[in-house]
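Quick notes on the structure that follows.
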There are 2 protein chains.
Amino acid sequence: MKRPTLEAVAARAGVSRATVSRVVNGSATVNPRIRTVVLRAVEELGYVPNPAARSLVTQRTGSIGLVVSEPPARVFSDDPFFSLVIRAVSQELEAADKQVVLMMASSPAGYDRVERYVAGRHVDGVILLSQHGSDPLPTALVRTGVPVISHGRPVSTTRPPYCDADNVGGARAAVEHLLARGRRRIATITGPVDMSAGLDRLAGYRELMSGSGRRSLVAVGDFTRDSGVAAMSQLLEDDPGLDAVFAASDLMAIGALRALRRAGRRVPDDVAVVGFDDIEAARFTDPALTTVRQPIAEVARTIVRMLLDGVEEGAEPVVLPTELIVRDST
Amino acid sequence: MKRPTLEAVAARAGVSRATVSRVVNGSATVNPRIRTVVLRAVEELGYVPNPAARSLVTQRTGSIGLVVSEPPARVFSDDPFFSLVIRAVSQELEAADKQVVLMMASSPAGYDRVERYVAGRHVDGVILLSQHGSDPLPTALVRTGVPVISHGRPVSTTRPPYCDADNVGGARAAVEHLLARGRRRIATITGPVDMSAGLDRLAGYRELMSGSGRRSLVAVGDFTRDSGVAAMSQLLEDDPGLDAVFAASDLMAIGALRALRRAGRRVPDDVAVVGFDDIEAARFTDPALTTVRQPIAEVARTIVRMLLDGVEEGAEPVVLPTELIVRDST
DNA sequence: CTGAAAGCGCTTACAG
DNA sequence: CTGAAAGCGCTTACAG
């Protein structure tokens with residue numbers, strides 16, 4: 001069962017290959033009568049254009065690479081954030097009739113593979129997700145000449161254009177809220193300190209703390225629940241009198257809740273807890289979690305638009321506002 | 001900045017295009033000395049093969065489509081199960097040096113788009129995830145002639161080869177455990193009844209209940225937390241004396257825990273709860289959740305192997321064992 | 001082991 | 001508006 005080619009359709013319709021090509025690609029300059037005949041032939045033969053042949057001549061593929069730069073053990077691990085981002089991005093891309101090629105990279109071999117793939121022009125553009133400080137990919141990919149947009153502020157020396165949520169502002173709002181609630185000894189559990197989301201949320205916290213003349217109390221986490229448990233236990237040991245904690249992710253906040261429960265602290269009576277992300281699970285904790293919501297879909301939409309609009313290196317980044325969602329944990 | 005072609009490399013190395021092609025593709029029949037020269041030229045020019053040209057002649061693309069057939073609102077919503085599966089599958093695929101094209105389909109337009117893409121031979125094979133009863137995609141994709149393997153038992157009339165976890169056995173083990181713990185009025189919260197995972201887990205429950213001469217007590221859910229809350233409330237209304245519930249997903253079990261808490265029932269004292277999946281969150285509920293673990297990575301590995309081995313329609317399905325993980329909720 | 005040549009299936013100036 | 005023809009960048013029998 002060989003697939004019919006343009007040639008076959010042309011023969012059947014009694015026209016040239018060029019004409020069939022024009023009809024298939026929706027060119028305006030085709031006689032309506034002929035168009036109808038060609039369309040019928042396409043239909044009858046079940047013709048579907050060969051994408052390889054097409055992109056060989058057009059030099060475009062219609063695909064966009066979504067590069068997730070993470071230890072594979074974590075990427076999708078259990079963190080809904082990535083999932084939500086990936087869904088939002090791919091939805092936007094498909095609305096623009098682009099296919100999404102999902103690439104995970106987490107090892108030198110993985111970086112190589114992704115770089116080769118992009119350099120080989122398998123994709124017309126790349127969206128970079130979740131980069132860490134040591135990540136060689138932003139630089140390598142920008143060097144291929146393929147358009148690159150970063151999801152989240154890049155930490156690499158190469159700075160592709162990016163869109164991000166307002167992490168600093170969100171953290172600020174969280175701490176402000178805690179202060180307004182009368183909390184005085186406010187700790188934070190940070191994200192990975194080699195990622196901009198981790199860094200920026202910490203910066204927002206520190207800014208407000210030092211601005212109000214208070215001492216920072218910091219424990220480092222990595223966005224996972226388990227790290228939230230460990231960090232909270234550590235904080236309790238460092239300052240048993242703390243009365244609030246701002247966790248840089250909801251997952252870590254969930255871990256913190258568990259550590260607090262184990263330590264016999266009541267939330268929010270003894271310790272208030274604020275998370276970040278507003279994943280669905282935040283509504284299901286006991287007590288329900290106060291958290292900072294990110295405009296995930298909007299960031300995705302913006303990134304796709306930037307990529308399709310051909311935004312160049314050096315362009316102004318776009319930073320979208322976050323929103324504090326107050327529930328029962330504060 | 002034009003990309004160098006095979007031609008350019010050949011010129012630089014002083015050999016024919018055919019020879020360069022052989023070297024690049026690792027053909028054994030090349031004089032080692034020549035190979036070295038060619039490799040140097042490739043290096044100096046930064047040559048990367050053009051995939052479109054290559055696949056135009058080889059008729060292969062090196063890509064595998066991962067088709068997720070779900071309302072976009074749910075796919076990645078907050079359910080880590082999909083994420084875990086997608087990660088596992090793409091890891092296996094990349095180990096086999098295949099690229100992963102992620103395709104979400106949830107509307108007639110989406111189905112069409114996916115079908116055209118596959119029919120256009122953008123991919124060498126397709127893995128089908130999460131089909132619902134009314135899903136036209138299995139049939140449409142099988143008809144394209146592209147190899148299709150299903151993740152999970154298909155519910156369509158067309159039956160592509162598949163690999164699945166032992167859903168029936170897992171449900172059976174959950175109910176057996178509940179019976180062994182002395183529970184007598186055991187309810188279940190089902191998954192969507194147009195999906196095989198929902199159907200099979202319900203079948204396992206029913207089988208054991210009727211086998212032990214008990215009446216089934218069923219509420220329908222859709223795998224989400226919210227549906228777990230609603231279903232549990234319903235069950236409590238239907239039979240206030242129930243002493244156990246088997247939820248067909250951990251997320252629904254989490255919802256059930258919340259509904260039970262609200263209703264003033266203690267877990268496990270008044271009501272024992274068992275989930276299904278063993279996602280990470282199951283360790284963080286209060287009390288920690290007893291659940292049925294699925295071999296997600298193993299299923300993924302098997303599916304990829306089946307696809308690459310060219311398993312044909314009509315082949316024996318592979319069903320992998322599940323395992324009961326006992327924690328504090330029973 | 002190597003090269004000349006055909007051919008994969010399209011698109012797109014260029015004429016007419 | 002339509003067609004003949006060149007060309008996109010590879011791979012692979014086929015000779016030698």
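Worth knowing before you read on, the calculation uses all heavy atoms, side chains too, and leaves out hydrogens, waters and symmetry mates. Throughout, protein chains are lettered first and strands after them, A, B, ... in sequence-line order, and every chain is numbered starting at 1.
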CZ-OG distance between A:R87 and B:S83, expressed to the nearest 0.5 angstrom: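 So the gap between those two atoms works out to 11.0 Å.
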Is there a side-chain contact between [X] and the phosphate of [N], meaning an N or O under 4.0 Å from OP1 or OP2?
| X | N | value |
| --- | --- | --- |
| B:T58 | D:dT11 | no |
| B:N25 | D:dT11 | yes |
| B:S21 | D:dT11 | yes |
| A:S16 | D:dG3 | yes |

Taking the same atom, [atom1], in [N] and in [M], what whole-Å distance lies between them?
| N | M | atom1 | result |
| --- | --- | --- | --- |
| D:dG16 | D:dT12 | C1' | 16 Å |
| C:dA6 | C:dT2 | P | 22 Å |
| D:dG9 | D:dA13 | P | 23 Å |

Polar side-chain contact B:R121-C:dG9 base: donor and acceptor under 3.5 Å: no
Is any N or O donor-acceptor pair between the side chain of A:R3 and the base of C:dG9 shorter than 3.5 Å? no
Given the rule in the side chain to side chain donor-acceptor pair (under 3.5 Å) test, do A:T58 and A:S55 qualify, once you have shown the distances and angles that lead to the verdict? CA-CA 5 Å; A:T58 60; A:S55 82; 5.4 Å; no
Expressed as a whole number of angstroms, how long is the span from [X]:[atom1] to [N]:[atom2]?
| X | N | atom1 | atom2 | answer |
| --- | --- | --- | --- | --- |
| B:R54 | D:dT11 | CZ | P | 5 Å |
| B:L56 | C:dA6 | CG | P | 17 Å |
| A:N50 | C:dG7 | CG | C1' | 13 Å |
| B:E7 | D:dC8 | CD | P | 10 Å |

With the side chain defined as heavy atoms from C-beta on, A:R22 is closest, among C:dA13, D:dT11, C:dC10, to C:dA13
Strictly by modelled atom types, are B:S156 and B:T158 linked by a side-chain donor-acceptor pair under 3.5 Å? no
Have a look at A:P49 and say if it touches a base, only the backbone sugar-phosphate, or nothing, with a 4.0 Å heavy-atom cut-off.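 Contact class for A:P49: sugar-phosphate only.
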